[in-house]
Amino acid sequence: MLALVVLLLCGCQGKPLPEGMDEAVLLQKGRETALLLAGGDYEAALERMRPDVAETVTAEDLQSLVLRQTDGAGVYKEIDSVMATGQSSNGEDYGVAVVYCKYSKKNVLFRLAFDTSYELIGLEVRKP
């Protein structure tokens with residue numbers, strides 16, 4: 001399921017945020033979640049997931065994804081920049097917070113998808 005969550009974020013064209021979503025709130029949720037993941041607090045990140053998604057993913061799955069994708073990036077330093085976009089998949093509109101983080105050796109991109117209630121429904125972590 002985690003692979004499907006990641007695939008949900010791949011190859012979708014950006015568009016305006018879904019009606020009722022606030023860009024500032026979305027970006028704040030994205031920053032907070034990226035910091036949890038970068039800091040290794042996978043249980044807290046899992047608690048931000050919508051229940052139907054969370055039941056298919058474990059904290060260990062999140063840890064494995066983040067460690068694999070940040071391997072060689074070094075130590076987390078700071079958030080460099082953020083942006084928001086809207087997307088849709090399978091009839092559901094959602095917002096994506098894109099968080100660029102500086103690490104000591106390489107930068108890392110966190111793409112965090114949130115439903116209109118700001119519950120985490122998908123994520124992608126990669127070195128751009």
Side-chain angles (χ1 to χ4, degrees):
M1 179 63 175
L2 188 58
L4 292 176
V5 170
V6 172
L7 289 176
L8 174 78
L9 295 174
C10 298
C12 302
Q13 288 188 314
K15 59 183 187 178
L17 292 178
E19 188 172 330
M21 283 195 91
D22 180 87
E23 182 175 355
V25 174
L26 175 62
L27 291 176
Q28 183 60 34
K29 296 287 186 184
R31 282 184 195 96
E32 291 169 356
T33 305
L35 289 173
L36 290 172
L37 293 167
D41 195 347
Y42 307 110
E43 288 290 340
L46 186 64
E47 290 173 8
R48 291 173 172 258
M49 287 192 158
R50 192 168 67 189
D52 64 322
V53 177
E55 69 185 21
T56 65
V57 180
T58 67
E60 292 78 20
D61 293 333
L62 294 177
Q63 179 181 22
S64 176
L65 172 69
V66 172
L67 293 179
R68 185 176 61 253
Q69 295 303 103
T70 60
D71 185 43
V75 177
Y76 169 82
K77 296 291 186 186
E78 65 184 352
I79 292 175
D80 185 41
S81 62
V82 295
M83 64 167 280
T85 186
Q87 294 185 348
S88 64
S89 179
N90 298 326
E92 181 177 15
D93 294 330
Y94 54 93
V96 177
V98 182
V99 183
Y100 294 91
C101 295
K102 286 186 179 181
Y103 279 66
S104 59
K105 296 180 182 177
K106 295 182 180 179
N107 293 333
V108 175
L109 169 80
F110 291 83
R111 294 182 71 218
L112 304 151
F114 293 90
D115 67 12
T116 55
S117 298
Y118 302 102
E119 290 184 294
L120 186 63
I121 59 170
L123 62 113
E124 176 187 21
V125 181
R126 66 179 174 89
K127 292 177 284 238

J.: With heavy-atom distances below 4.5 Å as the criterion, would you say the side chains of Lys77 and Ser104 are in contact?
T.: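 The answer is yes, as the side chains (C-beta and beyond) meet within the 4.5 Å cut-off.
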
J.: Where do Glu23 and Ala84 come nearest, in terms of heavy atoms and distance?
T.: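 Shortest heavy-atom contact: CG-CB, 3.8 Å.
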
J.: Carefully, step by step, assess Leu62 and Val57 under the rule side chain to side chain contact (heavy atoms under 4.5 Å, CB included).
T.: CA-CA 8 Å; Leu62 294 177; Val57 180; 4.0 Å; yes

J.: As an exercise, state the distance from CD1 of Ile79 to OH of Tyr100, rounded to the nearest 0.5 Å.
T.: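 Taking CD1 in Ile79 and OH in Tyr100, the distance rounds to 13.0 Å.
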
J.: Please name the pair of heavy atoms, one in Lys102 and one in Asn107, separated by the smallest distance, quoted to 0.1 Å.
T.: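 The pair with the smallest heavy-atom distance is CA-OD1, 3.5 Å.
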
J.: Enter the distance from Met21:CE to Asp93:CG here, rounded to the nearest 0.5 Å.
T.: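 If I round to the nearest 0.5 Å, the distance is 10.0 Å.
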
J.: Identify the heavy atoms of Asp22 and Tyr118 that sit nearest to each other, and give their distance.
T.: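 Shortest heavy-atom separation between Asp22 and Tyr118 comes out as N-OH, 2.6 Å.
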
J.: Give me the ring orientation class for Tyr76 and Tyr103: parallel if the planes are under 30° apart, tilted from 30 to 60°, perpendicular past 60°.
T.: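 Geometry flag for Tyr103 against Tyr76: perpendicular rings.
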
J.: Determine the minimum heavy-atom distance between Pro18 and Gly86, stating which atoms define it.
T.: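 Scanning both residues completely, I find the closest heavy atoms to be CD-CA, 4.4 Å.
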
J.: Does Glu78 CD have over 12 foreign heavy atoms under 6.0 Å away?
T.: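 Atom CD in Glu78 is crowded, with more than 12 foreign heavy atoms closer than 6.0 Å.
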
J.: Name the residue from Glu124, Arg126, Lys127 that meets the side chain to side chain contact (heavy atoms under 4.5 Å, CB included) definition with Gln69.
T.: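 Single pass found, and it is Arg126.
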
J.: Could you go step by step and tell me if Val99 and Leu109 meet the side chain to side chain contact (heavy atoms under 4.5 Å, CB included) rule?
T.: CA-CA 6 Å; Val99 183; Leu109 169 80; over 6 Å; no

J.: Can you see which heavy atom on Leu123 is nearest to which on Val125, and at what distance?
T.: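 Taking Leu123 first and Val125 second, the nearest heavy atoms are CD1-CG2, 3.9 Å.
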
J.: Got a second to check how far Glu60's CD is from Leu46's CG, nearest 0.5 Å?
T.: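 Glu60 atom CD to Leu46 atom CG measures 9.0 Å (nearest 0.5 Å).
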
J.: Quick one: side chains of residues 28-43, donor-acceptor pairs under 3.5 Å with protein atoms, not counting sequence neighbours, listed by atom name and distance.
T.:
residue : atom : partner : partner atom : Å
Gln28   : NE2  : Glu32   : OE2          : 3.0
Glu32   : OE1  : Arg48   : NH1          : 3.2
Glu32   : OE1  : Arg48   : NH2          : 3.2
Thr33   : OG1  : Lys29   : O            : 2.8
Asp41   : OD1  : Ala44   : N            : 3.2

J.: If you measure from CD on Glu47 to CD on Glu119, what distance do you get to the nearest 0.5 Å?
T.: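 So the CD of Glu47 and the CD of Glu119 are separated by 12.5 Å.
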
J.: Checking side-chain polar atoms at under 3.5 Å, does Thr58 have a donor or acceptor matched by the opposite partner on Asp61?
T.: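 Yes, because at least one side-chain N or O of Thr58 sits under 3.5 Å from a partner of the opposite role on Asp61.
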
J.: Heavy atoms, side chains only, cut-off 4.5 Å: are Leu120 and Leu112 in contact?
T.: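 Of all side-chain heavy-atom pairs linking Leu112 with Leu120, at least one is under 4.5 Å.
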
J.: Could you grab the distance from atom OG of Ser88 to atom OH of Tyr94, nearest 0.5 Å is fine?
T.: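 It is 7.0 Å, given to the nearest 0.5 Å.
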
J.: Look up atom CZ in Arg50 and atom CD1 in Ile121, then write down how far apart they are to the nearest 0.5 Å.
T.: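 Reported to 0.5 Å precision, the distance equals 5.0 Å.
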
